[in-house]
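So the structure is just underneath, and the comments pick up after that.
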Number of protein chains: 2
Amino acid sequence: MASTRERIVTATAELFRRNGYTGTGLKQIVSRAEAPFGSLYHFFPGGKKQLGTEVIREAGLPYAALFDIYIASADDPVTGIEDAFAGAAETLVETDYADACPIATVALEVASTDDGLRRATAEVFEAWLDKGTEVYAAFGLSRRDARALAIATVTSLEGAFVLSRSLRSTEPLEAAGRAVAAQAGNLLPNR
Amino acid sequence: MASTRERIVTATAELFRRNGYTGTGLKQIVSRAEAPFGSLYHFFPGGKKQLGTEVIREAGLPYAALFDIYIASADDPVTGIEDAFAGAAETLVETDYADACPIATVALEVASTDDGLRRATAEVFEAWLDKGTEVYAAFGLSRRDARALAIATVTSLEGAFVLSRSLRSTEPLEAAGRAVAAQAGNLLPNR
DNA sequence: CTCTCACTAGAGCGATCTATCTAGTGATGC
DNA sequence: GCATCACTAGATAGATCGCTCTAGTGAGAG
């Protein structure tokens with residue numbers, strides 16, 4: 001069994017995904033984590049905000065690796081992008097349209113209400129964009145084109161998650177995947 | 001002065017944008033609306049859920065008209081799309097990165113927690129996609145291409161809002177606008 | 001064996017949440 | 001002039017919120 005601190009972080013991340021920041025209670029977190037309430041304030045003396053910032057980072061940053069898994073290791077970015085969006089759609093359906101982006105809900109909630117939490121989400125998104133830029137540049141794209149494609153990848157994925165979860169349909173994810181793949185194909189005409 | 005019911009709906013819509021559904025309290029709503037608390041339950045006997053569903057619809061549906069304002073009335077979809085994303089970026093900066101999509105925050109919050117509210121957000125997104133499909137089809141695109149472009153427009157805009165609000169930067173909106181405009185240009189080679 | 005301290009355990013505080021309830025007001029129809 | 005009813009007005013209930021507080025436990029150091 002994972003450590004108490006790890007169980008608290010994991011439980012919080014799961015609840016943030018589905019219920020958001022304000023929709024998740026501390027009692028709910030320790031209950032799901034099977035942790036004593038006192039331990040929460042032992043590990044996170046700054047309370048919900050400190051727990052929130054650390055969960056955003058710890059749950060969000062690992063997702064940058066998906067650029068390696070899906071795209072850097074693919075034969076070309078176009079099929080890599082198609083696979084990535086298809087994989088996201090599959091996960092979404094398997095989890096009954098619940099598991100999409102680990103931080104998007106929280107990011108929108110806190111963007112105008114808590115600058116500390118907002119900065120944590122910004123760090124994660126910036127890390128994803130940096131990773132995407134690096135991966136696309138390795139395929140020969142200019143720094144400028146690589147960053148534009150990285151932004152298009154992340155924004156299209158995030159927006160498609162919003163619509164797919166709301167509509168309970170994978171159509172937006174599929175359409176967004178095709179659009180980003182086409183954009184990558186246009187930026188890489190020589191393959 | 002607008003009617004009490006209208007003031008409640010307007011105040012709720014403004015608070016939902018910035019604070020989300022769970023982050024907005026009923027006391028906060030009537031205070032901002034300068035309405036008596038009892039009036040809230042007079043006009044919305046179903047409580048917060050009924051108010052929420054009606055606000056989602058009443059605040060969300062009018063945005064479909066932006067497809068007319070920006071794109072249908074433009075010389076061609078490409079410049080219309082560019083103008084639409086630039087206009088969104090301008091509004092975002094003017095409101096200190098607060099006013100973006102009226103229903104996205106709520107949509108993510110309720111997608112897995114309240115099916116009634118989720119359906120309300122789905123109706124609004126579907127209405128936007130229908131309007132976008134119609135407007136793009138009027139420029140000669142096939143029904144299939146028009147819907148794909150409408151989905152790309154809405155998903156890119158929604159995702160760019162997430163990143164732009166989090167990063168407090170218009171870069172994602174600008175990059176997303178260029179990407180969707182380019183996609184429109186590819187689908188409409190003959191102009 | 002004892003001291004220390006990280007951690008466990010949960011009761012309880014003040015504030016706030018949604019919702020209900022009663023009472024009062026004022027325009028309209030008869 | 002009176003009855004009706006849509007609406008105003010806000011106190012209050014009951015639950016839950018984030019957070020603080022005290023007490024207890026148990027492994028490792030000396």
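Every value quoted in this text rests on a predicted model; they were computed, and no experiment measured them.
Whole-Å rounding puts the B:Phe37 CZ to C:dT22 C1' distance at 15 Å. At whole-Å resolution of the value, OH in A:Tyr21 and P in D:dC17 are 14 Å apart. Separating the CZ atom of A:Phe43 from the C1' atom of C:dA6 is a distance of 8 Å, rounded to the nearest angstrom. Atom CG of B:Leu26 is separated from atom P of D:dG14 by 19 Å (rounded to the nearest Å). Atoms CZ (B:Arg5) and P (D:dT8) sit 12 Å apart, rounded to a whole Å. To the nearest angstrom, P of C:dC21 lies 17 Å from NE2 of B:His42. Here the C1' atom of nucleotide D:dG10 and the CG atom of B:Leu40 are 13 Å apart, to the nearest Å. Atom pair B:Arg7:CZ and D:dT8:C1' shows a separation of 11 Å (rounding to whole Å applied).
Remark: A:Lys131 is not positioned above the aromatic ring of A:Tyr136, lacking an NZ or CZ atom under 6.0 angstrom from the ring centre and at most 45 degrees off the axis.
With hydrogens and angles left out, the side-chain atoms of A:Thr133 and A:Asp130 include no donor and acceptor closer than 3.5 Å. A donor-acceptor contact closer than 3.5 angstrom links the side chains of B:Ser166 and A:Thr121.
Taking only side-chain nitrogens and oxygens, B:Thr4 never comes nearer than 4.0 Å to OP1 or OP2 of D:dC7. Contact check, A:Ser39 against C:dC7: no side-chain N or O comes under 4.0 Å of OP1 or OP2.
Taking for each of A:Lys27 and A:Ala35 the nucleotide of DNA chain C with the nearest heavy atom, the 5'-most of the two is the partner of A:Ala35.
Looking at the side chain of A:Tyr41, the nearest of the listed nucleotides C:dG10, D:dG18, C:dT18 is D:dG18. Among the nucleotides C:dT8, D:dA9, D:dG18, the one closest to the side chain of B:Pro36 is D:dA9.
No contact: B:Thr22 has no heavy atom under 4.0 Å from any strand. Residue contacts shown for A:Gly38 include a base, since a base heavy atom lies under 4.0 Å away.
Between B:Tyr63 and B:Trp128, the ring planes lie tilted relative to each other; the angle falls in the 30° to 60° range.
Here CG of B:Leu173 is found 11.0 Å from CZ of B:Arg178. Values are rounded to the nearest 0.5 Å.
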